[in-house]
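I have placed the structure first, in the form of structure tokens, so that the comments after it can refer back to it.
Letters A, B, ... are given to chains in the order of the sequence lines, protein chains preceding strands, and every chain is numbered from 1.
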There are 2 protein chains.
Amino acid sequence: MYSVTRSNDTRTALIETTKALLWERGYAATSPRAILERAHVGQGSMYHHFSGKEELAVAAFERGAAGVLQRARDVLATDGTPLARISNYLMLQREILRGCPVGRMAGDADVLASAELAAILTAAFGQLRELIVSVLQEAVDAEELAHDADPRDLADTVLAVVQGGYVLARAAGDVAPFERAVRGAVSLLEVHSADGAAR
Amino acid sequence: MYSVTRSNDTRTALIETTKALLWERGYAATSPRAILERAHVGQGSMYHHFSGKEELAVAAFERGAAGVLQRARDVLATDGTPLARISNYLMLQREILRGCPVGRMAGDADVLASAELAAILTAAFGQLRELIVSVLQEAVDAEELAHDADPRDLADTVLAVVQGGYVLARAAGDVAPFERAVRGAVSLLEVHSADGAAR
DNA sequence: GTCTATATACTGATAGAC
DNA sequence: GTCTATCAGTATATAGAC
């Protein structure tokens, strides 16, 4: 049983190291060699635990996406009015200049070319969307948003502001564009809110 | 003079081919070999006209960014109310699943590591931002937006919705998320607009 | 289960003939 | 100005010892 324990440690080290490198460099630009060197593991171990780079990346990306989703669930499930929870999600503390561990994968052609990696990516945003749609629907039901507001449209607007904010911040080498984009979105939702009550 | 003419043709072919590959694959994943094969040019020609991959990419990215900016200027300078022009920009016909030729570069670590490529990227979004801030300021002056709306914040919100829309669409393998995000943003600006007049 | 050695193809760049 | 030949280095994967 010692071998099993040791195996799990090596396996976990490979996955965690790959998760970090996927975030830093993306999939195509992350080489098995870079993973092995950072994890202090020999070549053979990786090919013992995984069939190759893709299978390892799948395991790592699954963990990364699960972490992002958990963080979103936590902030969207706290107390406060529905719209306040959306604002909290938008203003969530993020490592902006590092980019989104999930969203960054959408720019990598090799990710979209891998059925498994693309499926994780699609599913992650699908679940994020569902969470946000649900909170926005609550906002409409509570008359925090106008009755004709479309929660499905607005959910993608919210997600896009965050994902686009990352892009603008990295392009500028500065978090300011992200912060402005989010502040602008929150102000639009708040006006919408004030208006919603009036109608 | 024949040699000069021929040189310009080869040079242009290299730049245009690189521009296409940067859009398709990004910078890191575009190899000199791929450029040369698609442009039907030998190895030596590239190193005659350019010092290497980076210098060629700079020339190609400059052209690509100029094209995107020109397109934005065209739609933002048409007639119509300021807010209508912003809506037109948001709803502009785009090759959504291909991604934004400018924005996609922000996800490429090698682009940010190149001083020249990063400068083009930063400048392109800086100029887009100026264009949009200016139209949003017109909207405030014309009382199409509330007097306390911040054109600088909202400009980044608009840019982020577009850039994030690309990310969501590629992640879903479907243009629908882009279209929902834009529709949501337009609806928020319109409500803001209706409200602006009332205040 | 882990390691080192090796294989094959590709990367970005240079050399030098024409 | 353009070409082919070549280089040292890396990417992904396999072989086989321990």
Please check if L159(A) and I96(A) belong to a single hydrophobic cluster, counting links between Ile, Leu, Val, Met, Phe, Trp and Tyr side chain heavy atoms closer than 4.5 Å. yes
Within this structure, what is the CD-to-P distance between E37(A) and dT4(C), rounded to whole angstrom? 12 Å
Indicate for each nucleotide in nucleotides 5-11 of chain D, in 5' to 3' sequence, whether protein heavy atoms under 4.0 Å reach the base (B), only the sugar-phosphate (S), or nothing (-). BB---SS
Return whichever of V41(B) or M46(A) has its heavy-atom-nearest nucleotide of DNA chain D closer to the 5' end. V41(B)
State whether R129(B) and D156(B) are salt-bridged, where the test is any N-O pair (Lys NZ or Arg NE/NH1/NH2 against Asp/Glu carboxylate O) under 4.0 Å. yes
Rounded to whole angstrom units, what separation is found between the NE2 atom of H40(B) and the P atom of dC3(D)? 12 Å
S45(B) or E54(A), whichever maps to the more 5' nucleotide of DNA chain D: S45(B)
Identify whether the distance between the nearest side-chain nitrogen and carboxylate oxygen of D110(A) and R25(B) falls below 4.0 Å. yes
Given the options T10(B), T18(B), L56(B), M46(B) meets side-chain contact (heavy atoms from CB on, under 4.5 Å) only with L56(B)
Distance under 6.0 Å and angle within 45° of ring axis: K53(A) vs Y27(A): yes
Holding to side chain to side chain contact (heavy atoms under 4.5 Å, CB included), I want the full list of residues that pass it with A176(B), two or more places apart in sequence or in another chain. D174(B), R180(B)
Using a strict threshold of under 4.0 Å (side-chain N to carboxylate O), is an ion pair present between R11(A) and E16(A)? no
Please determine whether a side-chain nitrogen of the Lys or Arg among E179(A) and R94(A) lies less than 4.0 Å from a carboxylate oxygen of the Asp or Glu. no
Taking NE2 from H48(A) and C1' from dA15(D), how many angstroms apart are they, rounded to a whole number? 16 Å
dA13(C) C1' sits how many Å from I35(B) CD1, rounded? 13 Å
Annotated structure of DNA chain C as dot-bracket, pair cut-off 3.5 Å, Watson-Crick or G-U only, | for inter-strand, is ||||||||||||||||||
Can you tell me how far P of dT11(C) sits from OH of Y27(B), to the nearest Å? 14 Å
Rounded to whole Å, please give me the gap between NE2 in H49(A) and C1' in dG1(C). 6 Å
Distance in angstrom units between L14(A) CG and dT2(C) C1', rounded: 11 Å
Any cation-pi pair here, R98(A) with W23(A), using under 6.0 Å and within 45°? yes
Within the pair Y47(A) and dT14(D), is there a side-chain N or O less than 4.0 Å away from OP1 or OP2? no
Within this structure, what is the CG-to-P distance between L36(B) and dT4(D), rounded to whole angstrom? 11 Å
